[in-house]
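Excluded from the calculations below are hydrogen atoms, water molecules and symmetry mates; all remaining heavy atoms, backbone and side chain alike, are included. The model shown is predicted, which means the values in this text are computed figures rather than measured ones.
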Amino acid sequence: MTQISLTFPDGNARDFDAGITAGEIAAGISNSLAKKAISATVNGAHWDLQWPITEDASIAIHTMKDDEQALELIRHDAAHIMARAVQEIWPDVKVTIGPVIQHGWYYDFDREEPFTPEDLAEIEAKMKEIINRRDPVTTEIWERDRAVEYYKANGEPYKVELIDAIPGDEPLRMYWHGHWQDLCRGPHLQHTGQVPGDAFKLMNVAGAYWRGDSDRAMLQRIYGVAFQSKDGLRKHLNMLEEAAKRDHRKLGREMDLFHMQEEAPGQVFWHPNGWTIYTGLQNYMRRRQHDYGYVEVNTPQVVDRKLWEASGHWDKYQENMFIVEVDEEHAREKSINALKPMNCPCHVQIYNQGLKSYRDLPLRMAEFGACNRYEPSGALHGLMRVRGFTQDDAHIFCTEDQIESETAQFLQMLSSIYKDLGFESFEIKFSTRPEVRAGSDEVWDKAEAALEAAIRSVTDDFELDPGEGAFYGPKLDFKLTDAIGREWQLGTFQADFVLPERLDATYIGEDGAKHRPVMLHRAILGSFERFLGILIENFAGKLPFWIAPRQVVVASIVSDADDYVHDVVAALKAAGVRAEADTRNEKINYKVREHSLGKVPAILAIGMKEVEDRTISMRRLGQKQSQVLSLDEVVRQLADEATPPDLK
RNA sequence: GCUGCUGUAGCUCAGAGGUAGAGCACUCCCUUGGUAAGGGAGAGGUCGAGAGUUCAAUUCUCUCCAGCAGCACCA
């Protein structure tokens with residue numbers, strides 16, 4: 001028998017017979033490890049305890065204490081157990097695929113009737129039953145023909161299709177959870193009882209296309225979440241509850257920020273409170289852009305299709321544009337226009353007015369560009385995905401040599417702005433040339449190298465995403481993590497060599513000849529609508545003072561204090577603070593509760609004591625204690641807080 | 001766009017083949033109360049829109065619209 005040498009995490013190496021399994025090794029170490037073991041890592045690969053090891057390798061045996069492996073296995077086995085439960089209850093349901101996802105798993109089924117919430121409860125109960133049976137998990141490698149025969153005989157056409165898609169040289173692995181079989185790469189747990197029966201939950205059912213293709217059958221997908229312990233599940237459910245509390249659609253109503261209605265789906269009616277945030281943010285961005293050497297422009301909403309044809313958008317996005325037909329009295333034919341879905345072609349039109357010299361570059365052209373896109377109805381989602389929105393858009397026209405310095409400047413601007421807006425950290429994704437692309441390899445080499453050198457001059461901390469670039473150039477995407485750990489992709493920075501060509505943008509170089517500028521498409525917030533949605537959810541409505549729509553309410557405790565209340569409001573307003581009086585005939589408890597729920601950052605309570613001393617009792621949002629201060633001190637302090645971060 | 005679900009007062013929701021209810025919010029009255037709901041009275045609805053079945057439809061059926069959860073899409 002051939003011997004192999006296995007190296008353990010502590011550095012010790014031991015010889016074993018080739019073909020030994022990690023399960024057997026665990027059993028050789030101790031009885032309890034044999035029971036507790038869930039899987040192994042063999043030469044970096046996640047390894048089933050039953051799989052033979054045939055060559056020298058490093059090995060680590062995992063138990064439930066190893067989060068990464070434990071969660072993957074629990075969720076993966078839960079997916080199989082769920083599919084088995086479904087087929088035990090409804091034997092004619094066809095199974096497809098069931099992968100592990102972020103907090104759990106899903107499994108797609110083909111079944112005539114839809115699954116109901118009651119069905120989910122029944123499936124969950126059946127799953128617990130299966131877990132309690134502690135059925136062993138076993139595995140075998142099958143011949144392709146045998147597997148195809150088997151699934152044909154069992155009426156599982158989706159599995160047959162999956163086998164056909166697996167490359168011919170890859171072995172087909174079968175897994176059994178008890179009597180129930182599934183085609184699966186593995187690894188899996190030792191037996192169904194290793195899945196914690198009290199730490200999973202079936203969440204919801206939704207439609208999903210077979211193989212993610214909208215031209216194919218719609219299957220029913222059941223989502224589940226699973227953890228190592230009941231506590232893990234509880235924490236996850238709490239997080240979901242917290243996210244629901246922060247939902248910007250709910251807070252938007254409660255704080256009277258905006259509404260949407262049937263007559264304008266996907267478009268926002270901004271109320272005074274919401275518009276205060278919106279314009280505050282826009283003014284801030286305008287100042288920052290100005291500081292970074294941008295010029296601001298504005299371009300038309302309704303633009304003839306000819307321009308969209310020239311830019312290439314008509315071909316690709318016609319279905320997603322709002323088309324406006326204009327039938328002029330004496331015109332031979334109707335003119336067909338589109339509401340602009342983006343600003344870049346219009347910016348090139350401004351660039352193209354008059355001859356440009358290399359001395360004019362880089363030209364940083366910004367627009368708070370109001371765009372309209374006819375998004376598919378199912379895509380709409382509050383402020384996060386709308387049909388009418390305004391981008392903080394800009395295009396930098398520059399020479400190829402300037403790409404690097406422009407990128408560096410942009411990165412600096414972006415991180416400074418995110419920081420001002422309360423997001424300390426973000427992730428960068430660097431996407432390189434896709435297979436189908438425009439532009440020569442030479443230009444791509446240059447663009448990618450410039451972009452990469454530029455990020456590296458700021459940070460080495462970015463993720464490479466090969467092949468995911470735009471067809472016209474490499475790009476950087478910027479992802480923020482919010483207060484409850486959700487990720488949002490916001491900013492983007494794209495190098496474009498194609499549009500200047502299509503729309504014939506040129507500049508005269510030092511050599512006196514015409515050259516093509518490069519266009520850098522860039523946005524920091526993306527759209528104001530979406531960014532405000534994210535901002536509201538990140539702060540759970542408790543926005544930083546300077547951007548809060550209602551900053552201060554001055555509330556009287558007794559009506560004899562009303563005059564002083566109005567004095568205080570006037571003093572705050574004069575100092576640039578958004579202050580309002582609340583002299584309603586209500587108790588102070590009532591007013592404090594109402595304005596706290598309204599997320600007003602500062603509530604100033606005024607009773608006779610304050611009137612006599614010319615003081616103020618200030619209560620800050622989220623604090624139980626109030627503080628008595630002089631009027632001057634309060635005005636000074638709040639005026640300072642009301643100053644936007646870039647003006648401090 | 002696709003699958004499933006939902007649409008009743010400003011908000012959150014209950015209800016039923018015989019024409020509609022609660023709490024909060026709103027209006028008025030009483031109350032001047034010291035940091036998260038003082039008391040009383042009142043007003044408020046073409047039950048998402050259209051068509052059909054029925055003596056009778058807000059309730060059942062169909063179509064449409066919008067929203068929600070996913071999927072697909074996102075220049």
Side-chain angles (χ1 to χ4, degrees), chain A residues 101 106 108 111 113-117 119 203-223 247 249-250 253-254 256 259-266 308 311-321 340-345 371 373-382 384-387 389 391 393 470-472 475 489 492 494 496 498-499 521 523 526-527 530 555-562 583-598 603-610 617-628:
Chain A
I101 52 174
Y106 66 76
D108 288 347
R111 178 187 184 221
E113 303 105 82
F115 289 109
T116 63
D119 290 342
M203 301 302 284
N204 54 338
V205 198
Y209 298 110
W210 169 233
R211 316 217 93 192
D213 183 342
S214 58
D215 291 331
R216 308 194 65 172
M218 177 64 76
L219 305 170
Q220 292 191 66
R221 174 171 298 178
I222 302 179
Y223 285 89
D247 190 315
R249 292 165 297 188
K250 179 171 131 77
R253 205 182 305 113
E254 289 172 1
D256 195 15
H259 85 271
M260 295 167 110
Q261 65 186 47
E262 261 189 52
E263 288 79 357
W308 306 115
S311 69
H313 292 103
W314 189 263
D315 245 10
K316 202 161 176 210
Y317 293 110
Q318 197 189 141
E319 292 299 304
N320 295 303
M321 292 199 238
K340 78 169 165 186
M342 55 179 350
N343 309 297
C344 19
C371 296
R373 295 179 184 173
Y374 189 77
E375 300 286 4
S377 56
L380 302 178
H381 180 90
M384 302 300 193
R385 187 85 179 266
V386 287
R387 287 185 176 154
F389 56 97
Q391 295 175 313
D393 197 11
F471 76 96
Y472 46 71
K475 63 173 181 171
Q489 186 172 312
T492 185
Q494 308 168 353
D496 180 1
V498 175
L499 201 59
H521 303 244
S527 94
R530 181 160 178 275
S556 55
I557 294 170
V558 293
S559 47
D560 283 345
D562 288 359
T583 54
R584 291 173 305 168
N585 175 17
E586 294 293 349
K587 291 198 172 175
I588 192 65
N589 287 334
Y590 182 93
K591 295 181 184 181
V592 165
R593 176 181 154 82
E594 188 177 283
H595 301 308
S596 296
L597 290 173
I603 299 169
L604 311 187
I606 307 286
M608 289 321 286
K609 211 161 18 154
E610 286 75 18
S617 168
M618 175 157 72
R619 181 191 166 111
R620 301 305 300 258
L621 184 59
Q623 292 181 3
K624 288 245 173 348
Q625 289 292 312
S626 58
Q627 199 183 3
V628 178

Name the nucleic acid region contacted by A:Lys591, choosing base, sugar-phosphate or nothing; use a 4.0 angstrom heavy-atom cut-off, strictly under.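 A:Lys591: no heavy atom of the nucleic acid under 4.0 Å.
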
What is the nucleic acid contact for A:His381, judged by heavy atoms within less than 4.0 Å: base, sugar-phosphate only, or nothing?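 Answer is sugar-phosphate: A:His381 comes under 4.0 Å of backbone atoms only.
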
I'd like to check the side chain to side chain contact (heavy atoms under 4.5 Å, CB included) partners of A:Ala523; sequence neighbours left out, ordered by chain and number.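 Side chain to side chain contact (heavy atoms under 4.5 Å, CB included) list for A:Ala523, sorted by chain: A:Asp392, A:Thr492.
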
All N/O pairs under 3.5 Å across the protein-nucleotides 36-46 of chain B interface:
{"unit_1": "B:A36", "atom_1": "OP2", "unit_2": "A:Arg619", "atom_2": "NH1", "d": "3.3"}
{"unit_1": "B:A36", "atom_1": "O4'", "unit_2": "A:Arg593", "atom_2": "N", "d": "3.3"}
{"unit_1": "B:A36", "atom_1": "N7", "unit_2": "A:Arg619", "atom_2": "NH2", "d": "3.1"}
{"unit_1": "B:A37", "atom_1": "N7", "unit_2": "A:Arg593", "atom_2": "NE", "d": "3.4"}
{"unit_1": "B:A37", "atom_1": "N7", "unit_2": "A:Arg593", "atom_2": "NH2", "d": "3.2"}
{"unit_1": "B:A37", "atom_1": "N6", "unit_2": "A:Arg593", "atom_2": "NH2", "d": "2.4"}
{"unit_1": "B:A37", "atom_1": "N1", "unit_2": "A:Arg593", "atom_2": "NH2", "d": "3.3"}

For RNA chain B, the expected dot-bracket line (Watson-Crick or G-U under 3.5 Å, [ ] crossing, | inter-strand) is (((((((..((((....[..)))).(((((.......))))).....(((((..]....))))))))))))....

Which pairs of donor and acceptor atoms, one on a side chain in residues 213-220 of chain A, lie under 3.5 Å apart (sequence neighbours left out)?
{"unit_1": "A:Asp213", "atom_1": "OD1", "unit_2": "A:Asp215", "atom_2": "N", "d": "2.8"}
{"unit_1": "A:Arg216", "atom_1": "NH1", "unit_2": "A:Glu161", "atom_2": "OE2", "d": "3.0"}
{"unit_1": "A:Arg216", "atom_1": "NH2", "unit_2": "A:Glu161", "atom_2": "OE1", "d": "3.2"}
{"unit_1": "A:Arg216", "atom_1": "NH2", "unit_2": "A:Glu161", "atom_2": "OE2", "d": "2.8"}
{"unit_1": "A:Gln220", "atom_1": "OE1", "unit_2": "A:Phe115", "atom_2": "N", "d": "2.8"}
{"unit_1": "A:Gln220", "atom_1": "NE2", "unit_2": "A:Arg111", "atom_2": "O", "d": "3.2"}
{"unit_1": "A:Gln220", "atom_1": "NE2", "unit_2": "A:Glu113", "atom_2": "O", "d": "2.8"}

Please work out which of the three classes, parallel, tilted or perpendicular, describes the rings of A:His521 and A:Tyr472, given edges at 30° and 60°. parallel

Given the P atoms of B:G10 and B:C71, what is the spacing between them in whole Å?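 Looking at atom P only, B:G10 and B:C71 are 34 Å apart.
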
Spacing of the P atoms in B:A51 and B:U59 (rounded, Å): 13 Å

When you measure from the side chain of A:Glu610 to the backbone N and O of A:Gly607, does any donor-acceptor pair fall under 3.5 Å?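 Judged by distance alone, yes, a pair lies under 3.5 Å.
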
Which whole-number value in Å describes the distance from A:Trp210 CH2 to B:U3 C1'? 17 Å

Partner set under side-chain hydrogen bond (donor to acceptor under 3.5 Å, both in side chains) for A:Arg385, not counting sequence neighbours: A:Glu375

In B/S/- notation, 5' to 3', how is nucleotides 4-9 of chain B contacted by protein heavy atoms closer than 4.0 Å? S--B--

Between A:Tyr472 and B:A75, does any side-chain N or O lie under 4.0 Å from OP1 or OP2? no

